[in-house]
Each structure stands twice: as C-alpha cells, then as structure tokens.
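Each remark here refers to the structure printed beneath this line.
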Amino acid sequence: MAEVEIRNVRKAYGAVKVIHGVTFDIADGEFVILVGPSGCGKSTLLRMIAGLENISGGQIAIGKKVVNAVPPKNRDIAMVFQNYALYPHMTVAENMGFSLVMKGVQKAEIARRVADAAGILDLDALLARYPRELSGGQRQRVAMGRAIVRDPQVFLFDEPLSNLDAKLRVQMRTEIKALHQRLGTTTVYVTHDQVEAMTMADRIVVMHKGVVEQIGTPLELYDRPVNQFVAGFIGSPAMNLLSGGIGEGGFVSDKGLKLPVTVQGHGDKGRPVAYGIRPEHIRMSDDGLPVRVSLVEPTGSETQVMVEADSGETISCVFRDRFSATPGSTIRIAPHPNLVHLFDGETGARIS
Amino acid sequence: MNRPVNQIILIALLAGYTLLSLSPILWAALISIKQPIDAFMPTLSLDFEPTLEFHWQVWTEQGFVTYLRNSVIVAVSTVLISLSFGTMAAYQLTRMSAAGSRPLLLGILGMRMFPHILLALPFFVIAQTLDMIDSFPALILSMVAINQPFTIWLMRSFFADVPKEIYEAAAIDGCNAWQTFYRVALPIVKPGLWVAALFSLLLAYNEFLFALVLSGPNTRTLPVGISEYGAEDITYWSLSAAAAIGITLPIVIFMVLLQRHLVRGLSMGAVKG
Ligand SMILES: Nc1ncnc2c1ncn2[C@@H]1O[C@H](COP(=O)(O)OP(=O)(O)O)[C@@H](O)[C@H]1O
Ligand SMILES: [Mg+2]
C-alpha cells in the first residue's frame with residue numbers, strides 16, 4: 001500500500017492541452033474517486049498514474065517515489081479497464097495469474113494466489129472458462145480478480161461499471177466498496193457518474209475541463225460546493241440554479257422572481273449572483289411562493305415535482321411526504337433558508 | 001416477407017453458384033479418367049470406360065513427385081518467411097500512429113500495383129547477376145516479395161480488431177514489447193494466422209510466372225513442370241487433367257485438415273470481442 005502524490009500535473013497532446021496543472025494527495029489506503037463530465041480528463045490523469053501516458057509536466061509519486069519515468073510494470077499498480085481488457089486466449093485462471101507468470105513466480109504460488117482471489121470474488125467455478133464464455137458481470141469480476149492477484153500498492157479503476165446494467169452496477173458498487181474495506185489498498189477510481197462517486201468514495205476529486213474544481217468528502221461537496229459547477233454536478237436530482245442578482249431584501253432572478261437570502265456577505269445590491277437550492281431542500285409551506293405544478297414523478301419513497309413560478313422559472317422539488325397535487329394545480333413552496341447557496345455571477349465561486 | 005422462403009432461394013442460388021465454380025474442376029476430373037478418344041468429345045459424355053492410367057503415369061513417370069517436392073519446399077518456405085515477417089510488421093503497423101503507418105501501408109500496397117510481368121524481368125536480371133537462377137533462395141525470395149504486401153495487410157486487419165487496452169493490460173502485467181507481441185497479440189490473432197498461411201501457401205504453390213523465369217531443372221515447381229507435359233502427344237489432355245487434379249490434391253487435403261481453424265479465422269472479424 002502507498003500514498004499517491006500528484007503535483008501540478010499537466011498533459012498535452014501536441015498543442016492540445018487537456019490537463020492544466022492538477023495537484024492533490026491520496027492517502028495510504030484511501031478510496032478516491034475522480035468524477036467529472038465526459039472528456040474532462042479523468043481517464044488521462046488515471047492513465048498517467050498508471051504510466052500508460054507520458055506526463056507532460058509536473059510530478060507523480062507513488063509511495064514517496066517519483067514515477068514519471070517508471071514503466072507501468074514497475075509502478076506496482078493494477079488497473080481495471082472499462083472494457084475489462086481480458087486476454088481472450090487465456091482462461092480466467094490464466095488471466096488472473098498472468099502478471100505473476102511474467103514475474104517468474106512459482107507455479108504453486110500462482111495457483112494459491114489465484115485461488116485466494118477467486119474465493120474473494122466468487123469466481124471459483126469459472127476458473128477454467130474463457131472470457132467469451134462469461135457474462136458481463138463475470139468478466140468485470142475477473143478483471144478485478146486480475147488486479148487483486150497482483151496485490152499492488154494502488155488499484156486504478158477506469159469506469160469499471162459503466163458496461164453493466166443498472167441493477168448489477170448498484171450491486172458491484174457495494175462489492176467494490178466492501179473489497180476495499182477488506183483489502184485496504186489505496187484506490188483511484190474514475191467515473192462520470194456522481195451517484196457512484198457519492199456512494200463509494202472516501203474523498204471525491206471533481207474535475208472539469210482539465211482542472212480540479214473541488215476535492216472533499218461526499219458530504220463536503222454536497223453541503224458546501226465551492227462553485228456553481230460542483231453545485232450543479234453533485235447531487236441528484238441536480239440543484240436548482242437561478243441566475244440573477246442581489247436586489248431589495250434578497251435575490252431577484254433575471255425574470256423577476258424574488259427569493260429571500262440569509263447568506264451573509266453577499267455584497268452590494270446589483271451584484272450578479274446565482275441562487276442555488278437543492279430540490280430536497282424545498283418544503284411546502286402555506287406562506288410560500290405560489291407555483292404551478294407541471295410534472296409529478298413519484299418513486300414511492302419520495303416524489304419529484306417540477307413546478308413553474310409565475311415569472312417563468314422552472315424549479316425541481318423533492319418531497320418525502322405523500323404528494324397529492326396534480327399537474328396544473330397550484331402549490332406553495334419555500335426554500336429552506338439556511339440551505340441556500342449563492343455563487344458569484346461572473347466567476348461562479350461560492351459566496352459565504 | 002417469409003424468411004424460410006428467402007433462405008431457400010438463397011441456398012439454391014449459392015448451391016448453383018458453387019456448382020458453376022466447381023464445373024471446370026469436375027470437367028478436368030472427368031477428362032483425367034478418360035481415354036483421349038473420349039476426352040476429345042465435345043460433349044460432357046458420361047458414357048466411357050474410366051481409367052486411372054494417366055493418374056498413374058503422372059505420379060510415377062512424369063517427374064511429378066520431384067516437382068511436388070520443389071513446390072512444397074518453395075511454398076512452405078515462402079509461407080514461413082512472409083508470415084513471420086508480415087505478422088511482425090502488421091503488428092507494429094497497428095501499434096504506431098495512423099500518421100506514421102499510413103504512408104508505409106500505402107507504400108507496401110504500391111508493390112502490388114505492378115503487374116507481375118513487370119517484376120519478372122528485373123527479378124531475372126538480379127538472380128542472374130547473383131548467379132542464383134535455378135536456386136531455391138531466389139525462387140522463394142521472389143515469392144516472398146510478391147506475397148508480403150498481402151500478408152501484412154491481412155494480418156493488420158486482424159491486429160486492428162484487438163482493443164488497445166489489452167496491450168495496456170499486458171504492459172501493466174509486466175510484458176515487454178516482444179512479450180506483448182508474442183504472448184498476447186499473436187495468440188489472439190491465431191485464427192487469422194491460419195488464413196494468411198493458407199492464402200500465402202496457395203499463392204506460392206500456384207505461382208507460375210516467377211517460377212517459370214527463375215527455376216531450372218533442379219527447382220522446377222509443379223505449375224511449370226506440368227505445363228511442359230507432352231504438348232504434341234495425343235494423351236496431352238488426359239495427362240494434363242490428371243496432373244491438374246494431382247496438383248490440387250495436396251491443397252484439398254491441407255484445407256480439410258485445417259478447416260476448423262480456417263473457418264474461425266475467416267469469420268473472426270465479423271464477431272468482435
Ligand atoms: N490520444 C489522444 N490524443 C488527443 N486527444 C486526446 C487523446 N486522448 C484523450 N484526448 C482528449 O483529452 C480529453 C480528456 O480525455 P479523457 O481523459 O479520456 O476524458 P474522460 O475520461 O474524463 O472522459 C478529451 O478532450 C479527449 O478528446
Ligand atoms: Mg474516460
């Protein structure tokens with residue numbers, strides 16, 4: 001096991017810069033998730049840690065040792081690819097044991113370690129099969145088994161669950177998390193799915209267009225997003241974000257919707273800001289804002305409701321209580337005043 | 001639309017086409033077991049006394065076995081050389097950038113654009129200068145030269161289907177460049193290797209022009225050898241037909257033995273993953 005240090009790391013493909021100086025640390029044994037929209041550079045960063053891409057600038061250290069010039073096989077890492085990248089001509093057991101064969105480990109020792117990993121992942125019955133004889137979920141397990149057998153310093157995962165169906169994905173999330181708790185190996189995990197990030201990570205690194213927007217625990221990101229991008233990206237359904245400015249007694253949206261604000265230090269009247277409130281932080285209240293219901297989506301445990309204010313803003317709300325109003329009817333809603341987020345209208349940075 | 005009906009029509013058409021393609025061979029087979037008097041009949045008559053006389057003659061008296069041996073030496077050597085070099089080249093061409101590989105691939109293809117007759121003369125001059133007429137190396141190398149573009153392009157298409165993550169997994173698992181090729185890439189394209197081997201073998205085995213120009217009494221291959229069978233002789237047709245069947249026989253046996261591998265290779269590109 002080892003810590004990973006990423007220092008001002010840059011990546012350019014020719015003249016195209018894709019990572020613009022990223023710095024963060026991963027503690028020994030930590031489960032860190034890189035999350036961000038597609039194309040933001042997550043995979044590139046992960047592949048630089050793995051040694052599959054050259055590092056254009058900055059430094060990456062694994063276990064205190066700078067690895068910029070170290071080839072992948074000497075970095076003592078294991079990687080699970082999105083398409084699993086199993087060797088089609090090898091059985092499950094051979095796939096899992098291949099790295100040990102290459103290291104010259106004794107046959108008996110390889111068999112023992114493969115059997116151990118197979119036991120952990122429930123693959124015992126599949127060891128003699130070829131990848132083409134496995135389901136997607138089983139292939140995914142084999143890919144993890146191949147990583148576990150190496151007993152590496154760091155596990156690297158690149159969207160390992162995105163080829164699985166929804167149910168299996170949820171199940172594997174739990175399993176990967178449990179596996180991490182059991183093995184305690186430092187893990188860097190890439191996903192574009194913020195729910196995956198929120199449910200699995202010790203810490204999340206939110207990336208956007210090649211820069212890190214925020215690093216924090218899932219709840220830190222949820223409670224105090226440092227900017228409008230993180231606010232909109234983390235949380236499901238997404239936070240309502242209304243653009244407008246500071247006006248008389250609070251926030252006034254571009255379309256004229258007035259909302260009270262208790263956030264301190266929001267500055268002068270007329271300052272352009274964005275007002276953020278999570279759908280689950282809106283309550284029904286008799287003295288609230290009158291809005292027209294446009295869509296009702298009950299999930300059983302809660303109800304997601306889209307409403308439209310008189311000024312024309314669409315706001316999404318989530319109510320835990322049973323909801324009886326139908327589309328077209330009018331309800332009154334009130335944002336929880338202490339859970340409002342304000343962001344600078346120009347920079348998008350949090351105001352607090 | 002009724003699918004079974006469609007399929008029946010399709011199968012009928014394919015069967016008809018197969019029969020049409022095979023008809024010259026069937027005809028040759030018939031001629032090879034006829035006496036010249038029957039063979040010269042303009043109709044495809046089945047009313048004759050079959051004889052294996054000409055097959056016997058071909059295999060025992062006409063130097064056929066020597067030619068066959070020469071052909072096997074040339075064809076097998078050509079396959080071994082062009083396949084091993086072609087496979088390595090094809091692999092590397094799929095691992096390098098498209099910008100780097102495109103000019104090379106087109107250049108290799110350019111080789112194939114020349115009619116063989118255009119190459120035959122320079123090959124002859126080169127071989128003569130090196131005093132290599134009627135030697136196996138000259139014959140084999142000329143066949144490798146015309147074969148190589150094909151093996152490279154064919155093998156390249158098989159390697160191109162291998163996802164790059166497989167190579168990356170191999171790099172992480174500890175393979176160096178050679179091990180990645182030999183232990184990972186090569187086994188994956190093995191079915192393709194059989195296809196490339198068969199086509200190279202056929203090309204070298206059937207090659208006539210270079211063999212005619214570069215071979216001599218010691219190296220004469222089957223196509224050249226049987227072309228010289230008694231042209232004025234009355235038995236010419238039957239003998240030639242028997243030889244033609246004889247020359248096909250080793251290939252048919254080869255195909256039957258390897259058909260499992262070949263079918264897998266031929267259909268490999270169709271179903272990825
Ligand atoms: N080999 C490459 N050459 C040029 N650009 C690339 C290459 N690989 C990735 N990119 C670009 O780098 C950016 C980040 O890619 P990637 O790390 O794969 O994003 P993510 O994994 O976050 O979806 C994208 O804009 C992509 O187009
Ligand atoms: Mg990616």
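Chain A is the first sequence line, chain B the second, and so forth, proteins listed ahead of strands; every chain is numbered from 1.
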Requested in this report: Could you walk me through whether B:Glu165 and A:Met79 pass side-chain contact (heavy atoms from CB on, under 4.5 Å), step by step?
Outcome: CA-CA 10 Å; B:Glu165 286 85 356; A:Met79 183 149 170; over 6 Å; no

Report task. Decide yes or no for A:Leu52 and B:Ile172: does some side-chain heavy atom of the first lie under 4.5 Å from some side-chain heavy atom of the second? Result -> yes

Query raised in the report: Which value, rounded to the nearest 0.5 Å, describes the distance between A:Lys73 atom NZ and B:Gln179 atom CD?
Result: 7.0 Å

Query raised in the report: More than 12 non-hydrogen atoms from neighbouring residues, nucleotides or ligands closer than 6.0 Å to CZ on B:Phe85, yes or no?
Result: no

Query raised in the report: Are there more than 12 heavy atoms of other residues, nucleotides or ligands under 6.0 Å from atom CZ of B:Arg183?
Result: no

Query - Neighbour count >12 (heavy atoms, 6.0 Å) for atom OH, A:Tyr13 - result: yes

**Report entry** Residue A:Asn68 excluded, over 12 heavy atoms near CG under 6.0 Å
**Finding:** yes

Query - A:Val80, part contacting chain B, at a heavy-atom distance under 4.5 Å - result: neither

Report summary line: Ranked by heavy-atom pairs below 4.5 Å to chain B, first place among A:Met102, A:Lys103, A:Arg146 goes to A:Met102

Query raised in the report: Would you call A:Phe81 and B:Pro163 a side-chain contact if the rule is heavy atoms closer than 4.5 Å?
Result: no

Requested in this report: Please say whether more than 12 non-hydrogen atoms of neighbouring residues, nucleotides or ligands are located less than 6.0 Å from CZ in B:Arg69.
Outcome: yes

Requested in this report: Measure distances from A:Ile77 to the heavy atoms of chain B and classify the residue's part below 4.5 Å as side chain, backbone, both or neither.
Outcome: both

Query raised in the report: Donor-acceptor pair, A:His89 side chain versus B:Ala185 backbone, under 3.5 Å?
Result: no

Query raised in the report: Is there side-chain contact between A:Pro88 and B:Ile166, with heavy atoms separated by less than 4.5 Å?
Result: yes

Query - Sidechain-backbone polar pair: A:Tyr87 side chain, B:Ala170 backbone, donor-acceptor under 3.5 Å - result: yes

Report task. Taking all non-hydrogen atoms of both residues into account, name the closest pair between A:Ala85 and B:Ala169 and its distance. Result -> O-CB, 4.0 Å

